[in-house]
Amino acid sequence: MSIEDERARPAVLLNPLEGDPTDADSHIGGPVLWPIDEPWPHCDGATHDPASGGEPFVGAVQLYRRDFPELPFPDGTDLLQVFLCTLHHDLPDVYGPDVRLVWRDSTTVFELIEEEPEPSVQEELYVPTVNVLEPIRFTEHETKTSGGTKIGGWTAWWQSGPFEFECPECGAAQRQTLSLATHEPSGDDVEWEFGREGNLNILTCEKDVRHPIRLHVD
């Protein structure tokens, strides 16, 4: 195997397009499949800048296993839900929104929440428009990375890095699982913005994606 082949990784551009998805679809910015008997994710406000009270997270991305089998779904799950606290946070390697990941089994959700909670205040630059997805699968090489919203692949370092991160729980390597982009290759941007028009990179533990995640804006 050549060095070039060793430095190649599978990737999926989500390729968002304006649309009208339901909670049964993979999407950005649409309604999420959330059970009525499960508390909605809330941010306690501890890292808000400036300091403020707690606010509900916003459902930002929803990805079903049937559409994106490339994601590292834990056993017994078939749905990844990504939530953003759409206020400024002062976090390690990030000045921007905070993130929560929920991995769930969609077949166990029978009765849905009637209305998703909305923050009393938020930064509009972190709020996505509503989009369906028309994914593009490709092999990405370390020397030629895509800056669009994608699953897997290589981190598009353009303001800092490259860096390597370890899981704080087990010491295993953390690898980029999902990257949310300010700009899409198609030009159909989601209208959120991270850093200086960069990407919000979400890295997970290679051994267990339910271990604490790492965020990095670049």
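All residue numbers in this chain count up from 1 along the given sequence.
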May I ask you to decide if His211's main-chain N or O and Lys207's side chain share a donor-acceptor pair within less than 3.5 Å? no
Kindly work out whether a path of hydrophobic side-chain contacts (I/L/V/M/F/W/Y, heavy atoms less than 4.5 Å apart) joins Leu215 to Ile28. yes
Any ion pair linking Glu142 and Arg9 (charged N to carboxylate O, less than 4.0 Å)? no
Do Pro56 and Pro41 make a side-chain contact, defined as non-hydrogen atoms from C-beta onward lying under 4.5 Å apart? no
Examine distances only and state if a side-chain atom of Gln174 and a backbone atom of Pro212 form a donor-acceptor pair shorter than 3.5 Å. yes
Which atoms form the tightest heavy-atom contact between Gly29 and Pro128, and what is the distance? CA-CG, 4.0 Å
Should Val61 and Leu133 be regarded as members of a common hydrophobic cluster, given that ILVMFWY residues are connected when their side-chain heavy atoms come within less than 4.5 Å of each other, either directly or indirectly? yes
List the atom of His48, the atom of Leu87, and the distance in Å for their closest heavy-atom pair. CE1-CD1, 3.5 Å
Within the side chain of His89, is there an N or O that forms a donor-acceptor pair under 3.5 Å with the backbone of Gly96? yes
Quick one: does any side-chain atom of Glu184 pair with a main-chain N or O of Asp189 as donor and acceptor, under 3.5 Å? no
Rounded distance [0.5 Å steps], CG in Asp188 versus CG in Asn15: 7.5 Å
Side-chain ion pair, Asp67 and Arg65, N-O less than 4.0 Å: no
Is a side-chain donor-acceptor pair under 3.5 Å present for Thr108 with Asp105? no
Please check if the side chain of His141 supplies one atom and the backbone of Thr139 the other of a donor-acceptor pair under 3.5 Å. no
Test item: Phe68 and Arg137 side chains (from C-beta on) under 4.5 Å apart, heavy atoms: yes
Is the shortest side-chain heavy-atom distance between Val82 and Leu63 below 4.5 Å? no
Evaluate the side-chain proximity of Thr177 to Leu71: yes if any heavy-atom separation is below 4.5 Å, no if none is. yes
Just wondering, are more than 12 heavy atoms of other shown residues or ligands nearer than 6.0 Å to CD in Glu38? yes
Assess the side chains of Thr86 and Glu123: does a donor N or O sit below 3.5 Å from an acceptor N or O? no
Mind checking the CG-CD spacing from Leu203 to Glu166? Nearest 0.5 Å is all I need. 13.0 Å
Answer yes if the side chains of Asn201 and Ser179 hold a donor-acceptor pair under 3.5 Å, and no otherwise. yes
Residue pair Trp40 / Ile113, side-chain heavy-atom distance below 4.5 Å: yes
Run the side chain to side chain contact (heavy atoms under 4.5 Å, CB included) test on Val12 and Ile136 for me, step by step, so that the C-alpha distance in whole Å, both residues' side-chain angles and the decisive distance to 0.1 Å come before the verdict. CA-CA 6 Å; Val12 185; Ile136 300 171; over 6 Å; no
Without hydrogens or angle criteria, can the side chains of Thr47 and Asp49 be said to hold a donor-acceptor pair below 3.5 Å? no
Glu116 (side chain) donor-acceptor with Val58 (main chain) under 3.5 angstrom: no
Indicate the atoms forming the closest heavy-atom contact of Val109 with Trp34, along with that distance. CG1-C, 4.4 Å
Please report the closest heavy-atom contact between His27 and Asn131, naming both atoms and the distance. CB-O, 3.2 Å
When rounded to the nearest 0.5 angstrom, what is the spacing between CZ in Phe165 and CZ in Arg214? 5.0 Å
Would Val99 and Leu200 satisfy side chain to side chain contact (heavy atoms under 4.5 Å, CB included), going step by step from the backbone distance to the final call? CA-CA 10 Å; Val99 176; Leu200 174 60; 3.9 Å; yes
Aromatic ring centroids of Trp157 and His216 under 6.0 Å? yes
Any chance you could measure Arg210, atom CZ, to Thr204, atom OG1, to the nearest 0.5 Å? 12.0 Å
Where do Leu33 and Gln81 land on the side chain to side chain contact (heavy atoms under 4.5 Å, CB included) test, with the steps shown first? CA-CA 9 Å; Leu33 187 82; Gln81 295 169 318; 4.0 Å; yes
Compare every heavy atom of Lys150 with every heavy atom of Trp154, then report the nearest pair and how far apart it is. O-NZ, 2.6 Å
Leu91, Phe163: one ILVMFWY side-chain cluster at the under-4.5 Å cut-off? no
Tell me yes or no: between the side chains of Ser120 and Glu55, is some donor less than 3.5 Å from an acceptor? yes
Is a side-chain donor-acceptor pair under 3.5 Å present for Ser106 with Asp78? yes
Leu101 side chain near Leu178 side chain, heavy-atom distance below 4.5 Å: no
Any link between Tyr126 and Ile213 through a network of hydrophobic side chains (Ile, Leu, Val, Met, Phe, Trp, Tyr) touching at under 4.5 Å? yes
Do Asp90 and Tyr95 pair up side chain to side chain, a donor and an acceptor below 3.5 Å, judged on atom types alone? no
Side chains of Asp20 and Val130 in contact at under 4.5 Å (non-hydrogen atoms): no
For the rings on Trp103 and Phe73, is their centre-to-centre separation under 6.0 Å? yes
Closest heavy-atom contact between Phe138 and Ser146? CZ-CB, 4.2 Å
Look up atom CD in Glu193 and atom CZ in Arg196, then write down how far apart they are to the nearest 0.5 Å. 11.5 Å
Is there a donor-acceptor pair under 3.5 Å between the side chain of Thr77 and the backbone N or O of Leu79? no
Does Thr149 use its side chain to pair, donor to acceptor, with the backbone of Ala181 at less than 3.5 Å? yes
What's the spacing between Leu84 CG and Trp192 CH2 if we round to 0.5 Å? 6.0 Å
Intermediate values then yes/no, side chain to side chain contact (heavy atoms under 4.5 Å, CB included), Asn199 and Asp218: CA-CA 5 Å; Asn199 283 35; Asp218 208 327; 6.0 Å; no
Val102 and Leu80, any side-chain heavy atoms less than 4.5 Å apart: no
Considering only NZ, NE, NH1 and NH2 on the basic side and carboxylate oxygens on the acidic side, decide whether Glu206 and Arg175 come within less than 4.0 Å. yes
